[in-house]
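Here is the naming used below: chain letters follow the sequence lines, and residue numbers restart at 1 for every chain.
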2 protein chains.
Amino acid sequence: MTKDIESKCLEKGVRLTEQRKLIAKTMSNSSDHPDVDELHQRVSKVDSRISIATVYRTVKLFEEAGIVEKHDFKGSKARYEQAKDEHHDHLIDVSSGEIIEFVNNDIEKLQKQVAEKLGYKLVDHRLELYGSKIKK
Amino acid sequence: MTKDIESKCLEKGVRLTEQRKLIAKTMSNSSDHPDVDELHQRVSKVDSRISIATVYRTVKLFEEAGIVEKHDFKGSKARYEQAKDEHHDHLIDVSSGEIIEFVNNDIEKLQKQVAEKLGYKLVDHRLELYGSKIKK
DNA sequence: ATAATTGCAAATGCTTTGCTTGTGA
DNA sequence: TCACAAGCAAAGCATTTGCAATTAT
């Protein structure tokens with residue numbers, strides 16, 4: 001199972017302040033993909049003095065350390081989630097905004113092949129599906 | 001072959017002003033993926049009075065009419081290209097910023113399947129590969 | 001004629017940053 | 001202790017918008 005963000009900070013030598021611990025804990029306990037504003041609201045419930053600038057600085061710090069992932073889905077602001085052990089992509093419900101994670105190794109392989117055929121080593125990728133729920 | 005933007009505007013009943021014609025022509029003649037600033041510089045060479053607000057308004061208008069496509073690649077501002085007849089995705093050279101278009105029908109099919117398996121009808125998607133050139 | 005479009009500058013929304021005070025190792 | 005982090009407000013950047021003047025049909 002994926003370790004919590006606080007442990008990962010210790011591993012990577014990221015200095016832990018009260019604010020960072022709180023943001024880390026809040027993100028680790030979130031199963032959704034909150035944006036900075038939402039995150040700020042959540043941590044504010046515990047410590048109302050925390051500033052949004054700190055939240056911005058912290059998620060960026062965590063991202064650069066590879067501890068969290070940033071997503072810029074179409075038509076919404078940047079969202080963050082804790083980095084998991086296994087890579088996954090996202091399907092976004094265009095009506096509700098709900099985000100569903102999925103894994104598809106065939107697509108992953110094909111992406112690598114496409115890149116190689118074009119003479120490139122694949123270093124990163126972005127795959128997002130936008131869909132509307134099929135009522136059954 | 002894909003028609004030029006001006007013809008498409010006529011088809012779709014998009015009112016054509018001098019400024020729009022110039023922006024349309026400039027985009028049709030571009031084989032790359034310029035951002036608004038770049039586009040503004042290109043049209044300014046022909047008509048120096050054209051404002052960047054007009055460029056912003058025009059690309060948005062064209063996009064909403066389905067005549068051009070907007071791309072928000074990682075780490076750069078919004079880029080635009082004329083919509084082609086055949087859908088394609090992009091590989092971005094992480095060193096040079098060069099953008100390479102590609103088509104892969106296997107991936108397209110798999111995306112649709114993934115969405116359906118999750119109970120969704122695929123209405124849109126985004127696939128971007130980021131790679132570094134393999135020297136041979 | 002007149003509804004739509006332009007140019008300009010001001011406003012917006014998200015994000016970053018300078019600076020002073022506070023704090024973790 | 002003292003380099004680094006936090007809070008605040010100001011700045012930055014891409015993009016949008018209100019308004020008066022202009023233009024396409």
Q: Run through A:Arg79, A:Glu81, A:His33 and flag the one making a side-chain hydrogen bond (donor to acceptor under 3.5 Å, both in side chains) with A:His71.
A: A:Glu81

Q) What integer distance in Å separates B:Glu18:CD from D:dA24:C1'? A) 10 Å

Q: Would you indicate which nucleotide in C:dT5, D:dA6, C:dG24 comes nearest to any side-chain atom of B:Thr17?
A: C:dT5

Q.
Without decimals, in angstroms, what is the distance between B:Leu39 CG and D:dA14 C1'?
A. 15 Å

Q. Does A:Arg20 make a side-chain donor-acceptor contact with the base of C:dG24, cut-off 3.5 Å?
A. no

Q.
Closest-nucleotide mapping onto DNA chain D: is B:Val14 or B:Asp37 further toward the 5' terminus? I mean the 5' end.
A. B:Asp37

Q) Does atom NZ of B:Lys109 have more than 12 heavy-atom neighbours, drawn from other residues, nucleotides or ligands, at distances under 6.0 Å? A) no

**Q.** A:Lys70 NZ to C:dC14 P, straight-line distance once rounded to whole Å
**A.** 13 Å

Q. Is A:Arg49 touching bases, backbone alone, or none of the nucleic acid, heavy atoms closer than 4.0 Å?
A. sugar-phosphate

Q: Look at the side-chain heavy atoms of Ile, Leu, Val, Met, Phe, Trp and Tyr, link any pair under 4.5 Å apart, and say whether A:Tyr56 and A:Val68 land in one connected group.
A: yes

Q.
Given C:dC8, D:dA3, D:dA9, identify the nucleotide with an atom nearest to the side chain of A:Arg15.
A. D:dA3

**Q.** Side-chain N,O (A:Gln19) to OP1/OP2 (D:dG7) below 4.0 Å
**A.** yes

Q | Proximity to the side chain of A:Arg57 - top-ranked nucleotide from C:dT17, C:dT15, C:dC8 | A | C:dT17

Q: Among D:dA6, C:dC8, C:dT6, find the nucleotide with the atom closest to the side chain of B:Ala53.
A: C:dC8

Q. Ion pair present between B:Lys60 and B:Glu63, side-chain N to carboxylate O less than 4.0 angstrom?
A. no

Q | A:Lys60 side chain near C:dT15 phosphate (N/O to OP1/OP2, under 4.0 Å) | A | no

Q. Given atom CZ of B:Arg79 and atom P of D:dT15, what is their separation to the nearest angstrom?
A. 11 Å

Q: Name the nucleic acid region contacted by B:Ile52, choosing base, sugar-phosphate or nothing; use a 4.0 angstrom heavy-atom cut-off, strictly under.
A: nothing

Q) A:Leu61 has an atom CG; how far is it from atom P of C:dT17, in whole Å? A) 14 Å

Q | NZ/A:Lys121: more than 12 non-hydrogen atoms of other groups inside 6.0 Å | A | no

(Q) If I take atom CG in residue B:Leu10 and atom P in nucleotide D:dT25, what distance separates them, rounded to the nearest angstrom? (A) 9 Å

Q.
Can you measure B:Asp47 atom CG to C:dT6 atom C1' for me and round it to whole angstrom units?
A. 11 Å

Q.
Over all strands shown, is B:Leu16 touching base, sugar-phosphate only, or nothing at heavy-atom distances under 4.0 angstrom?
A. sugar-phosphate

Q: Indicate whether OP1 or OP2 belonging to C:dC8 is found under 4.0 Å from a side-chain N or O atom of B:Ser51.
A: no

Q. Counting side-chain heavy atoms from C-beta on, which of D:dA6, D:dT15, D:dG18 comes nearest to B:Ala78?
A. D:dT15

(Q) Between the side chains of B:Arg42 and B:Asp32, is the shortest nitrogen-to-carboxylate-oxygen separation below 4.0 Å, so that they form an ion pair? (A) yes

Q: Name the closest nucleotide to the A:Tyr56 side chain, picking from D:dA9, D:dA5, C:dC14.
A: C:dC14

Q: Please state how far atom CD in B:Gln41 lies from atom P in D:dA14, giving the value in whole angstrom units.
A: 12 Å

